[in-house]
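Everything below concerns the one structure shown next.
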2 protein chains.
Amino acid sequence: MVKLSPIVACGTCPIRHNAVCAKCDAEELVILEQAKSYKTLPAGSRLAEAGETLSYFSTIIEGCATISRTLEDGRRQTVGLLLPSDFIGRPGRATSPFDVEALTEVKLCRFERTTFEQLVTDTPHIATRLLTMTLDELDAARDWAVVLGRMTAREKVAAFLVSLARRQAGARGTATAGGRAVVHLPLSREAMSDHLGLTIETTSRQMTALRKDGLIETPTKREIHIPDFDALAFEAAEDDDGGPIV
Amino acid sequence: MVKLSPIVACGTCPIRHNAVCAKCDAEELVILEQAKSYKTLPAGSRLAEAGETLSYFSTIIEGCATISRTLEDGRRQTVGLLLPSDFIGRPGRATSPFDVEALTEVKLCRFERTTFEQLVTDTPHIATRLLTMTLDELDAARDWAVVLGRMTAREKVAAFLVSLARRQAGARGTATAGGRAVVHLPLSREAMSDHLGLTIETTSRQMTALRKDGLIETPTKREIHIPDFDALAFEAAEDDDGGPIV
DNA sequence: CGATCCGTTGAATTACGTCAATAGACGTGG
DNA sequence: CCACGTCTATTGACGTAATTCAACGGATCG
């Protein structure tokens, strides 16, 4: 089920100013235009497999994917959630240490790996932007370690909804703090649980508890309404003003 | 108790080939030589505080430090363990989102923040190396997320000892796989527990259990002997051949 | 209309946390 | 030198949050 998407120019690309190309000038963009190609993959596709060679590095234009590892006995932990403008691949290494799987249909902007590695070397604006993005991801990974290591199930679920709401609002350019917010869940309960380090049963129970406490509303299983964003953030044991700086 | 350490030339620096300067040529090193300064700080010092401005970016030459966050109610999670050659600071941002604390006396090679940010811009070899190091740290943070999210207390302790043994062996240039290994613990049980997302009691019990099972020997509380490294790695639920590629 | 998938809920189990007591290491001072 | 306080680590008894096992309900699909 792999289909070719209509060609999109970088100038009209929805993630132009957030992706790895964000800092590129018009001249550099011309080079990227020539090297890029688009690909749409269906939900459930493997975009990368731990240890396997990656032919392409990609940026997600649309859709959602997880970075995860599965232990031999089947335990799985999701270690990153990829949304539009996020980058898949690591210059200087041909393989990924984790699995990357599409949760929804995903539209990618791809570069052949070796081509991209050359671009990083030749184009300082790409290297700089990639460093910034990697540092942001590192901060996010460490923020998440606090959730995994020290939070209760209820706090984990609240923290996840809060974090997803912030990212989705950020992508739309809307605010979160204060009033209502809406989150669309691209993850199943199982995928959520793998991200939270919980079982699906515990995740489900905590969702129910948050709903009964009036902290969330669930018109459908994949749509979450947050009547009072700050109240939910409080449940997530947020220590400071407003969550990760990312 | 801050004392000045004897001046060390980059050429004889013990971490010359692993730190952020690793890829620099002789010419670039001259610039670094002029900009750097050394500082030794005692165990317990705060090298950075969450949200506070950093005047200096530093590389650890000797000693050990933790990156951590403490929640309002006192729960603490360590999200990174810094050993010699590790870098503290983030170009493009004046503050750290986490606390950084010295576990032992620490010897630092420091650059004024703004100076270093200029160096990153002007010196591609530093930018490249910093990107590689950040990507490695990101992989390590994600590896640790698997431990925090999905492993049992016993596996967590085993995974920590295995990972520390690998890093210490790597720094010495010795091998781990196969036979005996020795680990020096720069962390108290409390610091270990904060890293593992456990209580000190549980950590202590698991150490005792591993000892009773013959997987480790503890001549002193801070010195751990591993008679069969692979056996301990097996306890850490290692899925593949030999742990993180980092 | 049965089969399958996904999510929810209940009951029983357990791994880890909490509370508490104790012991060893270390330093200080009489 | 020993008495004392402090700090860290260990161990035991008990409590609990989350997992496990199991049943069930509502979609979706052939």
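All chains are named by letter (A, B, ...) in the order of the sequence lines, taking the proteins before the strands, and each is independently numbered beginning at 1. Values below: all heavy atoms of this structure, side chains included; hydrogens, waters and symmetry mates excluded.
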From the list [options], which nucleotide is the closest neighbour of the side chain of [X]?
X         : options                  : answer
Arg222(A) : dG17(C), dG7(C), dT9(C)  : dG7(C)
Lys221(B) : dA18(D), dT19(D), dA9(D) : dA9(D)
Ser188(B) : dA9(D), dT11(D), dT8(C)  : dA9(D)
Glu201(A) : dT20(D), dA9(D), dG7(C)  : dT20(D)

May I have the distance from [X] (atom [atom1]) to [N] (atom [atom2]), rounded to whole angstrom?
X         : N       : atom1 : atom2 : value
Leu185(A) : dG7(C)  : CG    : P     : 10 Å
Arg150(B) : dC16(C) : CZ    : P     : 14 Å
Ile224(B) : dA9(D)  : CD1   : C1'   : 12 Å
Glu190(B) : dA9(D)  : CD    : C1'   : 11 Å
Arg154(A) : dT19(D) : CZ    : C1'   : 19 Å
Lys156(A) : dA18(D) : NZ    : P     : 8 Å
Gln206(A) : dT9(C)  : CD    : P     : 12 Å
Leu198(A) : dG7(C)  : CG    : C1'   : 15 Å

Please check the phosphate of [N] (OP1 and OP2 only) for any side-chain N or O of [X] closer than 4.0 Å.
X         : N       : result
Thr202(A) : dT19(D) : yes
Thr199(A) : dA18(D) : no
Arg189(B) : dT10(D) : yes

Taking it one step at a time, do Thr203(B) and Ser193(B) satisfy side-chain hydrogen bond (donor to acceptor under 3.5 Å, both in side chains)?
-> CA-CA 6 Å; Thr203(B) 304; Ser193(B) 308; 2.9 Å; yes
Could you tell me whether a side-chain N or O of Thr66(B) sits under 3.5 Å from a main-chain N or O of Thr78(B), the two making a donor and an acceptor?
->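 No; judged by distance alone, with no hydrogens or angles, the pair does not exist.
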Hey, which of these two, Thr208(B) or Thr203(A), hits DNA chain D nearer its 5' end, going by closest nucleotide?
->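 The residue closer to the strand's 5' end, by nearest nucleotide, is Thr208(B).
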Identify whether any heavy atom of Ile200(B) sits under 4.0 Å from a base atom; if not, whether one sits that close to sugar-phosphate; answer base, sugar-phosphate or nothing.
->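 No contact at all - Ile200(B) keeps every heavy atom at 4.0 Å or more from the nucleic acid.
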Indicate yes or no: does [X] engage [Y] in a salt bridge with an N to O separation below 4.0 Å.
X         : Y         : value
Arg69(B)  : Asp143(A) : yes
Glu217(A) : Arg180(A) : yes
Glu137(A) : Arg142(B) : yes

Going by modelled atom types, is there a donor-acceptor pair between the base of dT20(D) and the side chain of Arg205(A) at under 3.5 Å?
->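 Looking at the base of dT20(D), it does pair with a donor or acceptor on the side chain of Arg205(A) (distance under 3.5 Å).
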